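Taking it in order: structure first as structure tokens, then the write-up.
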Protein chains: 2
Amino acid sequence: MARPPEFDRTKALEAAMKLFWIRGFTATSLPDLLEAMGIARSSFYASFRTKRDLFTECLELFGDRTLAMINEDNRSLHPRDLPHAFFESTILNVSKHRAGRGCMMVNTILELANADPALNELATQKLYAVEQAFAGAFSLAQKSGDMDTTYTSKQLASLVMTINLGLRVQSRQNKSREELQSIIERSLFALGLAA
Amino acid sequence: MARPPEFDRTKALEAAMKLFWIRGFTATSLPDLLEAMGIARSSFYASFRTKRDLFTECLELFGDRTLAMINEDNRSLHPRDLPHAFFESTILNVSKHRAGRGCMMVNTILELANADPALNELATQKLYAVEQAFAGAFSLAQKSGDMDTTYTSKQLASLVMTINLGLRVQSRQNKSREELQSIIERSLFALGLAA
DNA sequence: GTAATTATGTACCTTTTAGTCCACAATTAA
DNA sequence: TTAATTGTGGACTAAAAGGTACATAATTAC
């Protein structure tokens with residue numbers, strides 16, 4: 001009963017996410033977004049309401065994908081190996097360009113912690129879901145006597161997240177893949193999670 | 001031979017640093033700065049050239065102070081205790097408000113990694129100086145047989161920095177002092193640096 | 001007092017920002 | 001073919017951004 005859209009909403013969202021991911025919220029201007037998404041201004045506002053709403057949607061997408069990645073690994077790997085697999089697939093086995101984007105949740109927290117508490121909260125919540133995924137897997141393995149219990153599952157997940165956050169910052173610096181790999185190996189060794 | 005300035009440059013710089021520290025570069029507007037610094041527009045440009053130049057100066061000041069703090073501790077403490085002392089005085093023994101500001105170098109790296117590589121570089125360099133300070137202290141203690149050698153001094157300093165970066169992200173989230181303290185204690189324990 | 005010099009307050013500039021408006025295009029139901 | 005509905009392009013707006021210009025105020029050297 002009406003004219004159909006000329007663009008693929010999912011693809012446009014994807015393009016926006018990549019841009020926000022690398023540049024952050026403030027530094028990404030509307031013209032930047034429109035060009036990357038390949039749509040016109042009016043279509044933008046009709047489909048995504050505001051820049052901030054779009055950012056929120058992108059952040060949710062990013063967080064959900066990150067969580068899905070861990071849940072996927074959790075079906076085939078031993079819980080002890082989940083952190084290493086996570087670092088492999090998000091830091092080591094990706095292009096330098098992509099590694100340089102870091103983690104969108106972390107970027108958001110540091111950019112907007114004080115300027116937009118609601119977005120900080122959303123990013124924090126998404127990161128917490130990741131931490132919970134690790135903790136759940138560790139807990140099961142510990143209960144079946146299949147994993148060291150020096151730390152409780154929650155404590156261990158918390159430590160893994162601290163390392164993760166540290167690595168995300170280093171990803172946005174000029175650290176080489178080799179340096180990052182060394183840090184990953186030694187950190188996991190220190191936590192008793194070496195391969 | 002000329003009219004004297006009506007403001008204290010050092011105090012104005014200090015005020016600017018605090019504002020940049022908490023809000024970041026982009027989100028701090030010129031009117032914000034002028035009000036916090038207590039000076040007029042023309043005095044601002046006469047004394048600090050541009051907003052970016054001022055930010056650079058603030059970042060240098062912040063980095064130098066951070067380094068000085070560690071060097072100071074290094075005169076009275078065992079190298080093994082330096083990381084703990086550092087976390088105490090920058091995260092645990094400060095107001096919630098101040099802890100929530102995190103570390104200006106880390107904030108800068110995540111905000112400007114892609115938008116301003118030169119500032120990313122400066123922040124990275126300042127952080128590296130901190131890492132070197134730790135490494136130097138560790139190295140001396142190891143050589144005098146006074147410290148564990150599971151990791152080389154550089155490796156250990158690198159791990160401490162990773163933890164540090166992770167903690168700075170968590171400081172900008174809503175983590176309580178108690179949570180942060182737990183993470184600090186367990187992280188240092190994992191690195192063999194427990195008190 | 002006067003000249004020289006530097007600081008300051010105010011008005012202004014250009015550019016860019018996010019967001020709105022509306023005429024027109026394209027589609028479907030009847 | 002017509003009415004109804006929704007998408008799109010482009011012009012537009014108001015606010016805010018960083019930065020400049022300049023007249024005036026305050027000081028020192030002489």
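Just so we're clear, the structure is a prediction, and the values are computed from it rather than from any experiment. Note: hydrogens, waters and symmetry copies are ignored here, and every other heavy atom, side chains too, is used. Letters go in sequence order (proteins before strands), and every chain restarts at 1.
For residues 8-19 of chain A, proximity to DNA chain D is found at no residue, defined as any non-hydrogen atom under 4.0 angstrom from a strand atom. Within residues 31-57 of chain A, the residues having any heavy atom closer than 4.0 Å to DNA chain D are, in order of number, A:Ala40, A:Arg41, A:Ser42, A:Ser43. Of the residues in residues 107-121 of chain B, not one places a heavy atom less than 4.0 Å from an atom of DNA chain D.
Residues forming a salt bridge (Lys or Arg N to Asp or Glu O under 4.0 Å) with A:Asp32 (at least two apart in sequence, or on another chain): A:Arg23. Not counting sequence neighbours, B:Ser47 has no partner by the side-chain hydrogen bond (donor to acceptor under 3.5 Å, both in side chains) test. Considering only residues two or more places apart in sequence or on other chains, A:Asn93 meets the side chain to side chain contact (heavy atoms under 4.5 Å, CB included) condition with A:Glu88. B:Asp81 meets the side-chain hydrogen bond (donor to acceptor under 3.5 Å, both in side chains) test with no other residue; sequence neighbours excluded. Listed by chain and number, the residues in a side chain to side chain contact (heavy atoms under 4.5 Å, CB included) with B:Ala85 are B:Asp73, B:Leu77 (sequence neighbours excluded). Under the ring pair (Phe, Tyr, Trp, His ring centres under 6.0 Å) criterion, A:Phe86 pairs with A:Phe134, not counting sequence neighbours. B:Arg186 meets the side-chain hydrogen bond (donor to acceptor under 3.5 Å, both in side chains) test with no other residue; sequence neighbours excluded. By the side-chain hydrogen bond (donor to acceptor under 3.5 Å, both in side chains) test, B:Lys175 pairs with no residue at all, sequence neighbours left out.
Rounding to whole angstrom units, CG of residue B:Leu30 and C1' of C:dT17 are separated by 16 Å.
For A:Arg65 and A:Glu14, the salt-bridge test passes: some basic side-chain N is under 4.0 Å from an acidic carboxylate O.
Across all strands shown, A:Thr28 has heavy atoms under 4.0 Å from sugar-phosphate atoms exclusively, and none from any base.
Here side-chain hydrogen bond (donor to acceptor under 3.5 Å, both in side chains) pairs that include residues 122-133 of chain B, with residues two or more places apart or in two chains, are A:Gln173-B:Thr124, B:Asp64-B:Lys126, B:Asn120-B:Thr124.
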